[in-house]
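To start, the structure itself, in structure tokens.
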Amino acid sequence: MVQPPVHKATVKNVLSGDTVILRGKPRPNGPPPERLLALSNVQAPRLGNKDRDDEPFAFGSREFLRKLLVGKEVSFVPEYTVTTTTPPREYGFIMTANGDQVAELGIKEGWLKVRDGKARGDAEEHEALLDRLHDLEDDAREAKRGMWNSDESGLRDVSYTFDGDSRAFLNKYKGQPLDAIIELIRDASTYRVLLTLPDKSQQYVTLLLTGIKAPACKRDNAPESVSEPFGEEAKFFVETRLLQRGVKVLLEGSNGQNLVGSVKHPAGNIAELLLANGYAKCVDWSITLVTGGPASLRNAEKLAKDKKLRVWRDFVAKEKTNDSEFEATVSKIVTGDTILVKTKSGIERKLQLASVKQAPRGVGSTAPGGSSKSRDIKEVGYQFEAREFLRKKLIGKTAHITVDYHKPAQDGFEAKDCATVKVGHTNVAEQLVERGLATVIRHRKDDDNRSHCYDQLLLAEAKAQEGQKGVHSTKEQPVVRIVDASENAAKSRQFLTFLKRSSKQSAVVDHVANGARLFLWIPKENCRLTFVLAGIRAPRVGRTPSEKSEPFGPEALAFVVDKCLQRDVEIHVDSVDKTGSFIGNLFINGENLAVMLLAEGLATIHEFSANESQYTNQLYNAERNARADKKGMWKNYDAEQEQQTAKEEASLVVEPRREYIDVVISEYLSGHRVYVQVVNEDVRRLETLMYELSQYHVSRGTTDGPHKPRVGDVVSAKFTEDDSWYRAKVRRVAGGSVDVLYIDYGNSEILPTSRIRVLPDKFKTLKPQAQEAVLSFVKGPSRNEDYGDDSLERLKELTGGKQLVANIDARDNGVLCLTLYDPSNSSSAKASLNLEMVRDGQLLVNPKVRYAAAHQATIKSLQEAQEAARSERLGLFEYGDPSAEDTPI
């Protein structure tokens, strides 16, 4: 008898304990052929479905055959075909790779029953085969193997449909590796999966692979559907690796009634394999759910993109330009998602944070200039908080900028560069989204114009949603109200009282109009105000392109913007003007902005307010230094020309200046240069302040440690001679030594840092009481020159410990020019101590001072006294006539 041919094939899947689908070798232009084959002479229990239950031991029988054959190459011999069924059913014999008959193995293990049927070939051979199968069946029954085990019911608890709450199911089993069998591959990323739950019950679910989407395949139940390019190839790729394999499923999300998860196989992650071979693409809506993060999926996708595999065959990578990655300093926060940066070359660029959108403006928000006449501001929503977060995080910081894409101008909006901004290793947009202060833009599936950290942004948004933060909160939106304290003069005076209450107020510079006029936000008082720097005048800046700016106006504006815009500053308010603007001093990192402008030659002294300021000396010194260095507006400064002009102006003055004050000399620098204290209410306040300062340090004991200050700081210093604490300004720091000037007395000394402490703000409210002064119309030797000590000692004899009357003849760069009188001895306006010092030969007349023209009578009296000293050879005239030489003033 002729033996039937033996064929080879791979078992694609097992339908039941006695039926399989075999797959042949792949064809050039399509999937390999398949054929259904049932085992001859045996029968397995029938598996159930949604309409009927399993027969006992049906699933065990199927599982035996699945584990034995799926994915393996077998030999098979078709025996006959039954055509009365739909579709026709083919029967035959299957042999494993080592030649074992599969039917005999199934009967031996008790999972198959012998089915007696008529012979299709030689009757004797058929009868012998049946006898052998019956013997195997009897052995299995006797050994209680498989279905013959009377101790087991052979039934399972299984649900073929999923009608429950998918979210509740997910929450219950999320993150738990569940045993599963992939029963059906709909397409390369969508499977019908049989889950075995921890309680041993089973549940059929539809599973979507987390983070990826493969091309769709034609559906058997939808004849009109078509397969997308590479859909069938991708499906075959997965079937050969996963169909009816035992795997671990990690549930990570849900999409309607479908679950989203990852499939873990001992050979690896199928999602990564699909992406790396170009069979799938990452999808944004679920990639953030991937356990362990999306990086591995994105990296696998990038490999396929670089090689232009399959679905990426037409992919064109974005060209990287030279200016797409750079370092820059953040100069301004424009909105909750837009910033201005300045590159190292000084170019300013406007950037929008890539792939994020600022929180929407809340209903009811108002701004100045609208229909309301009030200039108060009301902001509803999270835009204000977003801007504040970015300001504190970015302003003045050097950031690493990566321009991810360019958004062209459209719908009336300007073109924008969209970038990822990082400070250190921190993505600012990610932090913004995580706090619920911005949302992530949903890009089109194939749109590569997105942040290169897009997945991290999606993860941050998921955290914000889970924590119900910011825009994701169910609470009412926050409301920020900011009052305009400078709306009018009456309103500003209401705010003046409590703004002056503390020595310094914290503020934020919101806008800069010019070098000396700024708009500030005071967080503590929740108000906005116009602020004018006291003591200086800055050049005006044109308000429109057609309006001309004053020289160095733009430079002064740029300087202040660079130093202060949107920075945290401190202010000290002195007064308000008639327009409602507040006048005072502004400090950035402890430095006086007015002094900084003067030092750069970008502003000039406003004499009246500078003389009233507690920072008079600093202001005048800064301008004097800028002139000497010819900075800014002083670049063409001519000192001689200035003196000549001053003389000409002074010559026009015919009446001498009369401004009498009571003073005491607190420090002697030479016979004609001193520090004085004006005797007024402030001097009495100084006595109280000194007592309170002493008590403060006694109460603190050793709590406050030594303080190492910076130049310009006002500190508390312990004077060497009496071990008492005084207010002092730091002039120089060298190692552990600090050169200080006692601002209320004018003396100075060098102290170790152990005698320096921080001066609390409450002791800074009183302006420095020591004012530098010179005796008018005279000059003399300095302390270290010949006759310097004699001149100094004579002045001390005349003035020491006395309250004097002084006439302020002029103010010269903040230095008082005084004619001194001793009320107990001076009998007339001519009988001054200046005259007495000249008469004693201790000083010389200096008729060349700029204010001399109005005081010719006084100068004449001084010259007569000088002639008398010369004739008697007193003091400086002891060995000659120094009046003919250049003696220091």
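Everything numeric here is computed off the predicted structure, so don't read it as measured data.
Within 6.0 Å of CD in Glu721 there are 12 or fewer heavy atoms belonging to other residues, nucleotides or ligands. Shown here is His606, whose NE2 atom has no more than 12 heavy atoms of other residues, nucleotides or ligands within 6.0 Å. Atom NZ of Lys332 has 12 or fewer heavy atoms from other residues, nucleotides or ligands within 6.0 Å. At most 12 non-hydrogen atoms from other residues, nucleotides or ligands lie less than 6.0 angstrom from NZ of Lys563. With a 6.0 Å radius and a threshold of 12 heavy atoms from other residues, nucleotides or ligands, Arg481 has its CZ atom at or below the threshold.
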Arg673 vs Glu772, salt bridge (charged side-chain N to carboxylate O under 4.0 Å, His left out): CA-CA, chis, key distance, verdict: CA-CA 8 Å; Arg673 186 177 292 273; Glu772 189 176 357; 3.1 Å; yes

Full working for side-chain contact (heavy atoms from CB on, under 4.5 Å) between Phe763 and Leu689: CA-CA 7 Å; Phe763 296 116; Leu689 186 146; 4.1 Å; yes

Residues Val330, Lys397; criterion side-chain contact (heavy atoms from CB on, under 4.5 Å); working and verdict: CA-CA 6 Å; Val330 180; Lys397 304 280 182 63; 5.6 Å; no

Chi angles and distances behind the side-chain contact (heavy atoms from CB on, under 4.5 Å) call for Leu586, Leu533: CA-CA 7 Å; Leu586 184 146; Leu533 297 180; 3.7 Å; yes

Derivation of the side chain to side chain donor-acceptor pair (under 3.5 Å) call for Thr616 and Gln771: CA-CA 9 Å; Thr616 300; Gln771 297 187 51; over 6 Å; no

Salt bridge (charged side-chain N to carboxylate O under 4.0 Å, His left out) assessment of Asp761 paired with Lys504: CA-CA 7 Å; Asp761 285 344; Lys504 287 183 181 179; 5.2 Å; no

Residues Arg684, Glu681; criterion salt bridge (charged side-chain N to carboxylate O under 4.0 Å, His left out); working and verdict: CA-CA 5 Å; Arg684 286 180 278 278; Glu681 184 61 33; 3.5 Å; yes

Derivation of the side-chain contact (heavy atoms from CB on, under 4.5 Å) call for Val573 and Leu496: CA-CA 8 Å; Val573 177; Leu496 180 62; 3.6 Å; yes

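For the residue pair Asp574 and Lys500, the shortest heavy atom distance occurs at O-NZ, 3.2 Å. Between Lys779 and His672, the closest heavy-atom pair is CA-CD2, 4.4 Å. Of all heavy-atom pairs between Trp725 and Met690, the closest is O-SD, 4.1 Å. Annotation for Pro709 and Val733: closest pair O-CG2, 3.5 Å, computed over non-hydrogen atoms. Contact between Gly746 and Leu741 at its shortest, heavy atoms only, is O-CD1, 3.2 Å. Scanning all heavy atoms of the two residues, the minimum distance from Tyr745 to Ser666 falls at O-OG, 2.5 Å.
In this structure the side chain of Arg755 never reaches within 4.5 angstrom of the side chain of Phe719, judged on heavy atoms. Inter-residue side-chain proximity for Thr799 and Leu833 is flagged as met; some heavy-atom pair is nearer than 4.5 Å. Residues Arg811 and Cys817 fail the side-chain proximity criterion, which asks for heavy atoms closer than 4.5 Å. Using a 4.5 Å cut-off on side-chain heavy atoms (C-beta onward), Asn834 and Leu820 make contact. The side-chain heavy atoms of Arg624 and Tyr620, taken from C-beta on, include a pair separated by under 4.5 Å. Residues Lys378 and Val480 are not in side-chain contact: their nearest non-hydrogen atoms beyond the backbone lie 4.5 Å or more apart. Asp568 has its side chain within reach of Arg391: a pair of non-hydrogen atoms, C-beta onward, lies under 4.5 Å apart. Counting heavy atoms from C-beta on, the side chains of Leu876 and Pro781 come closer than 4.5 Å.
Of the possible polar contacts, one joining the Ser492 side chain to the Ala489 backbone as a donor-acceptor pair under 3.5 Å is found. Remark: side-chain polar atoms of Gln842 are not paired, donor with acceptor, to backbone N or O of Gly671 under 3.5 angstrom. Using modelled atom types, no side-chain atom of Gln677 and backbone atom of Val663 make a donor-acceptor pair closer than 3.5 Å. Without hydrogens or angle criteria, Ser609 side chain to Gly535 main chain gives a donor-acceptor distance under 3.5 Å. In this structure a side-chain-to-backbone donor-acceptor pair under 3.5 Å is present from Ser331 to Leu340. Between the side chain of Tyr742 and the backbone N or O of Ser748 there is no donor-acceptor pair closer than 3.5 Å. Judged purely by atom type and a 3.5 angstrom limit, Arg567 uses its side chain to pair as donor or acceptor with the backbone of Leu565. No donor-acceptor distance shorter than 3.5 angstrom exists from the side chain of Asp713 to the backbone of Val715, with no hydrogens or angles considered. Proximity of a side-chain donor or acceptor of Asp562 to a complementary backbone N or O of Ala558 within less than 3.5 Å is not detected. A donor-acceptor pair under 3.5 Å is formed between the side chain of Asp577 and the backbone N or O of Gly580.
Aromatic pair Tyr851/Phe777: ring centres closer than 6.0 Å. For Tyr675 and Tyr668, the ring centers are positioned 6.0 Å apart or more.
Under 3.5 Å, the side chains of Thr819 and Asp809 contain a donor-acceptor pair of N or O atoms. Side-chain atoms of Asn514 and Arg517 include no donor-acceptor pair closer than 3.5 Å. There is no side-chain donor-acceptor pair under 3.5 Å between Ser716 and Arg727. Defined by atom type and a distance below 3.5 Å, a donor-acceptor pair is present between the side-chain atoms of Glu749 and Thr720.
Here Asp376 contributes atom CG and Asp484 contributes atom CG; the two are 6.5 Å apart, rounded to the nearest 0.5 Å. Interatomic distance, Lys796 NZ to Ser791 OG, rounded to the nearest 0.5 Å: 11.5 Å. One finds the CD atom of Glu623 at 9.0 Å from the CG atom of Leu619 (value rounded to the nearest 0.5 Å). We find the CG-CD1 distance between Leu520 and Ile522 to be 5.5 Å, quoted to the nearest 0.5 Å. Leu798 contributes atom CG, which lies 8.0 Å from atom CG of Asp822 (distance to the nearest 0.5 angstrom). Atom CZ of residue Phe531 and atom NE2 of residue His511 lie 16.0 Å apart, to the nearest 0.5 angstrom.
A salt bridge is absent between Glu836 and Arg839: the closest approach of a Lys/Arg side-chain nitrogen to an acidic carboxylate oxygen does not fall below 4.0 angstrom. Between Arg794 and Asp840, at least one side-chain nitrogen of the basic residue sits less than 4.0 Å from a carboxylate oxygen of the acidic one, meeting the salt-bridge criterion.
Judged by the 6.0 Å distance and 45° axis criteria, Arg627 is positioned over the aromatic ring of Trp634. Stacking of Lys767 on the aromatic ring of Tyr615 is not recorded, the 6.0 Å distance cut-off and the 45° axial limit not both being met.
Partner of Ile536 under the side-chain contact (heavy atoms from CB on, under 4.5 Å) criterion, out of Val595, Leu597, Thr604, Leu593: Leu597 alone.
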